[in-house]
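This structure is a prediction, so every number in the text was calculated from the model and none was measured. Letters A, B, ... are given to chains in the order of the sequence lines, protein chains preceding strands, and every chain is numbered from 1.
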Protein chains: 2
Amino acid sequence: MAELLTERKTQIAEKATLLFKERGYAATSMRDLAAAIGIEAASLYSHLRSKEELLQRICFGMAEAFFTARDQVNSLQLPAPIKLRLAIEKHVEVVTNDVNASAVFLHEWRHLSEPELSIFKSMRREYEEYLTAILQEGKAAGQFNIPNEKLTVLTLLSSLNWLYDWYRPDGNLQPHEIAMQLADQVLNGLITNK
Amino acid sequence: MAELLTERKTQIAEKATLLFKERGYAATSMRDLAAAIGIEAASLYSHLRSKEELLQRICFGMAEAFFTARDQVNSLQLPAPIKLRLAIEKHVEVVTNDVNASAVFLHEWRHLSEPELSIFKSMRREYEEYLTAILQEGKAAGQFNIPNEKLTVLTLLSSLNWLYDWYRPDGNLQPHEIAMQLADQVLNGLITNK
DNA sequence: TATACTAACTAACAGTCGTTAGCAAAGATA
DNA sequence: TATCTTTGCTAACGACTGTTAGTTAGTATA
């Protein structure tokens, strides 16, 4: 029954993501995970090779989603301010699409062991460079006022990433609206009448 | 030897803060901590009652520092935009003053057990409300353009909090400069020529 | 009907966890 | 000199860790 097998594997992955988010990777035991599903800890090993495999899937799955978003943005030739809006929109889509996985991706990656840890870090750096490039483009064209790109890109990223903490799929703010308001705030600031 | 006693206690607190930041609370064992100091794990208990006591001191010590900053800001009668600049400045001071403790404060608080956990959460909420009040003040006075206060305050806080991740005390950016650039960015946005 | 595979189980492994008990050396105090 | 306090030690506790071995019932395939 290929379908049932996949269902169970999916269920394990989803519960693991939830527990890793709520309690952290190190504080979640395989017995916790098994109990949350309703089986014995040893039975998990019919479906996976190790606990860390679960973490790897979550971290690299999210990384892949962010790269896909980046490639979509970069496939278009756009002025920097509009490109930045699009990048924000796509990033928000990825985060809101799976807030649990986003939280694990952001906070639990350091429990990866080598070589995955180094690979993960370099992927993250690559994504930061993609956003930095947009900022530099706009700065060079005189469209952005940025004294320090690094500060700006890290501030931007933290604003976008914290989303997982308060976004509610059943709330009244849609991802698109959130992205628009975030983009307005980042681009125009809070001060009225510009 | 009251002084030596205090020195050792301080050393333990600092190493614990560093290890909790780097590996996370759950993944740091008392044996790890003891080894980092150069004593046996059991010897730690001459200086503290439990592992969680260490976490409590870090979390509530930082909370106290943030509240002190808030009270300083609130003791002055200022227009909202200037008050927000000051709040940002004070917040940056607290974070940059101890980046390790800031990281633990931000990420490891959920390993507190009751009743400390609930107390901690309500203190955090109180601090968010202090910042929200400034935003509402400016909005009511027509100085701020804010469609959604909650989104704005959480975005602001995440920008400020992520500082612990990249601020280097020996770097070329002083806390005051960082605070000014952050404030400019939040208030004026990235777009040139306003 | 016979065979192979899947997904669960129980039992157990070697190691680690936070913590306690009991003790020893050193220095401070009386 | 005698006593108390501090700060470390060794040894050990019971619980928990990720994981493996071996087994079993049920289902799909030949």
Rounding to a whole Å, what distance do you find between [X]:[atom1] and [N]:[atom2]?
X     : N      : atom1 : atom2 : result
A:E52 : D:dT19 : CD    : C1'   : 14 Å
A:E53 : D:dT19 : CD    : C1'   : 14 Å
A:I37 : C:dA7  : CD1   : C1'   : 13 Å
B:E7  : D:dG8  : CD    : C1'   : 16 Å
B:L44 : C:dT20 : CG    : C1'   : 14 Å
B:L19 : C:dG18 : CG    : C1'   : 16 Å
A:L33 : D:dG18 : CG    : P     : 10 Å
B:L54 : C:dG18 : CG    : C1'   : 12 Å

Between [N] and [X], is there an OP1 or OP2 to side-chain N/O distance shorter than 4.0 Å?
X     : N      : value
B:R8  : D:dT6  : no
A:H47 : C:dA8  : yes
B:R49 : C:dT19 : no

A:S158 and A:N161: side chain to side chain donor-acceptor pair (under 3.5 Å), yes or no, with the steps? CA-CA 5 Å; A:S158 42; A:N161 287 338; over 6 Å; no

So if I define the base as every atom that isn't primed, P, OP1 or OP2, how would nucleotides 9-15 of chain D read as a B/S/- string at a heavy-atom cutoff under 4.0 Å? BBBB---

In terms of side-chain geometry, is the basic nitrogen of B:R125 or B:E129 positioned less than 4.0 Å from the acidic oxygen of its partner? no

Name all residues meeting the ring pair (Phe, Tyr, Trp, His ring centres under 6.0 Å) criterion together with B:Y167; count only those two or more places apart in sequence or in a different chain, and write none if there are none. none

Could you list the residues that satisfy ring pair (Phe, Tyr, Trp, His ring centres under 6.0 Å) with B:H107, not counting sequence neighbours? A:H107, B:Y164

Quick check with a 6.0 Å cut-off and a 45 degree axis cone: is A:R124 positioned over the face of A:Y127's six-membered ring? no

Checking B:E114, B:E116, B:K121 against B:S118 for side-chain hydrogen bond (donor to acceptor under 3.5 Å, both in side chains), the one that qualifies is B:E114

Do A:M180 and A:L163 belong together in a cluster built from hydrophobic side chains that touch within less than 4.5 Å? no

